[in-house]
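Here's the structure we're looking at; comments come further down.
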Amino acid sequence: MPRTSPARDRLLATAAQIFYREGIHAVGVDRLVTEAGVTRATFYKHFPSKDDLVRAYVELEDAALRRLFADGAAQADDPSELLGVVIDGVALDVEHHHTRGCPFINAAAEFPDPEHPVRVAVRAHRDWFEATLVGAAEAAGVDDPAGVGRSLVLLRDAALVGSYLDGPAVAVPSFRSTARRLAGLGS
């Protein structure tokens with residue numbers, strides 16, 4: 001478990017904003033420590049390398065999506081409603097929070113080695129995401145829950161990229177209607 005402190009939290013929050021907005025390799029440690037208002041010593045106390053900070057950023061994004069699912073589960077009156085709630089939650093995330101593409105795809109693009117710790121964190125997120133969608137599809141009683149879960153992962157990927165390229169007004173309604181039809185929830 002990483003040591004937490006206000007400085008660590010500030011550094012991670014600053015990195016998350018900048019990495020998502022500008023890319024990972026385009027941003028140096030000097031800029032991160034300056035914008036977070038910490039020293040280089042504080043940076044290295046919490047993150048032995050920039051790659052460790054990047055992995056923590058990917059894990060932070062993963063935790064946010066896990067909270068989205070947990071909140072969706074709390075909103076659903078019964079398990080069969082969870083899939084619709086999650087689809088709507090993903091649509092809202094694409095529309096309001098992740099407007100510059102998928103943070104996981106963006107990070108993976110900058111770390112091509114599948115064995116790199118950043119890519120391992122991305123893979124762990126995607127495995128969890130698919131398994132969670134399959135579980136929601138099973139609870140909803142859809143035919144071929146594994147196929148629906150895999151397809152919803154791809155639809156989310158497409159919605160995030162499409163929203164960045166074409167705008168959320170185009171991508172989000174298409175994602176929502178396609179995902180709901182795929183899940184057997186109508187459009």
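Just so you know, these numbers come straight off a predicted model, no measurement behind them.
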Legend entry - Distance-minimising heavy-atom pair for A171 and G162: CB-C, 3.6 Å
Inset, instruction - Begin with the C-alpha distance, continue with both residues' side-chain angles, and end with the deciding distance and a verdict on side-chain contact (heavy atoms from CB on, under 4.5 Å) for T42 and L11. - result: CA-CA 9 Å; T42 298; L11 182 57; 5.8 Å; no
Inset, instruction - Test side-chain contact (heavy atoms from CB on, under 4.5 Å) on R156 and D93 and set out the steps. - result: CA-CA 10 Å; R156 177 180 178 264; D93 178 61; 4.0 Å; yes
Inset, instruction - Could you tell me which non-hydrogen atom of F43 sits nearest to which non-hydrogen atom of L53, and how far apart they are? - result: CE1-CD2, 3.5 Å
Legend entry - Taking every non-hydrogen atom, the tightest pair across P112 and A109: CD-O, 4.5 Å
Inset, instruction - Taking only Lys NZ, Arg NE, NH1 and NH2, and the carboxylate oxygens of Asp or Glu, determine whether D71 and R67 approach each other closer than 4.0 Å. - result: no
Inset, instruction - Taking the side chain as every heavy atom from C-beta outward, state whether E61 and F19 have any atom pair closer than 4.5 Å. - result: no
Inset, instruction - Decide yes or no for F175 and V94: does some side-chain heavy atom of the first lie under 4.5 Å from some side-chain heavy atom of the second? - result: no
Inset, instruction - Could you tell me whether R55 and D51 have a side-chain N and a carboxylate O separated by less than 4.0 Å? - result: no
Inset, instruction - Say whether I105 and I24 are linked into one hydrophobic cluster, either directly or through other cluster members, by side-chain heavy-atom distances under 4.5 angstrom. - result: no
Legend entry - Closest contact, heavy atoms only, L160 versus C102: CD1-CB, 3.5 Å
Legend entry - Shared hydrophobic cluster, V85 / L133 (ILVMFWY, side-chain heavy atoms < 4.5 Å): no
Legend entry - Interatomic spacing from CG in D30 to CD in E35 - rounded to 0.5 Å: 11.5 Å
Inset, instruction - May I have the step-by-step check of side-chain contact (heavy atoms from CB on, under 4.5 Å) for L152 and L83, ending in yes or no? - result: CA-CA 10 Å; L152 288 173; L83 200 52; 3.8 Å; yes
Inset, instruction - Of all the heavy-atom pairs spanning A56 and R8, show the shortest one and how long it is. - result: CB-NH2, 4.2 Å
Inset, instruction - Report yes or no: does Y20 contribute a side-chain atom to a donor-acceptor pair with the main-chain N or O of P103 at less than 3.5 Å? - result: no
Legend entry - Same cluster (ILVMFWY, side-chain, under 4.5 Å), L82 and L68: yes
Legend entry - Ionic contact status for E130 with R126, cut-off 4.0 Å: no
Legend entry - Shortest non-hydrogen contact from R180 toward G84: NH1-CA, 3.8 Å
Inset, instruction - For residues D62 and L65, determine if any side-chain heavy atom of one lies less than 4.5 Å from a side-chain heavy atom of the other. - result: no
Legend entry - Salt bridge present between R176 and E95 (N-O < 4.0 angstrom): no
Inset, instruction - Check side chain to side chain donor-acceptor pair (under 3.5 Å) between S49 and all other residues, then give those that pass, not counting sequence neighbours. - result: D52
Legend entry - Backbone of E110 reached by a side-chain donor or acceptor of H25 within 3.5 Å: yes
Legend entry - Transitive ILVMFWY side-chain link V90 to V153, under 4.5 Å: yes
Inset, instruction - Any chance you could measure R119, atom CZ, to F104, atom CZ, to the nearest 0.5 Å? - result: 13.5 Å
Inset, instruction - May I ask you to check whether H98 and Y164 place their ring centres under 6.0 Å from each other? - result: no
Legend entry - Rounded distance (nearest 0.5 Å) linking atom OG1 of T99 with atom CZ of R21: 11.0 Å
Inset, instruction - Anything under 30° is parallel, anything over 60° is perpendicular, the rest tilted; go ahead and classify F69 against W128. - result: perpendicular
Legend entry - Same apolar cluster (I L V M F W Y, side chains within < 4.5 Å links), V161/L182: no
Could you go through residues 134-151 and list every donor-acceptor pair under 3.5 Å that involves a side-chain atom there, pairing it with any protein atom two or more places apart or in another chain?
| from | atom 1 | to | atom 2 | distance (Å) |
| --- | --- | --- | --- | --- |
| D144 | OD1 | G147 | N | 3.1 |
| S151 | OG | G147 | O | 2.9 |

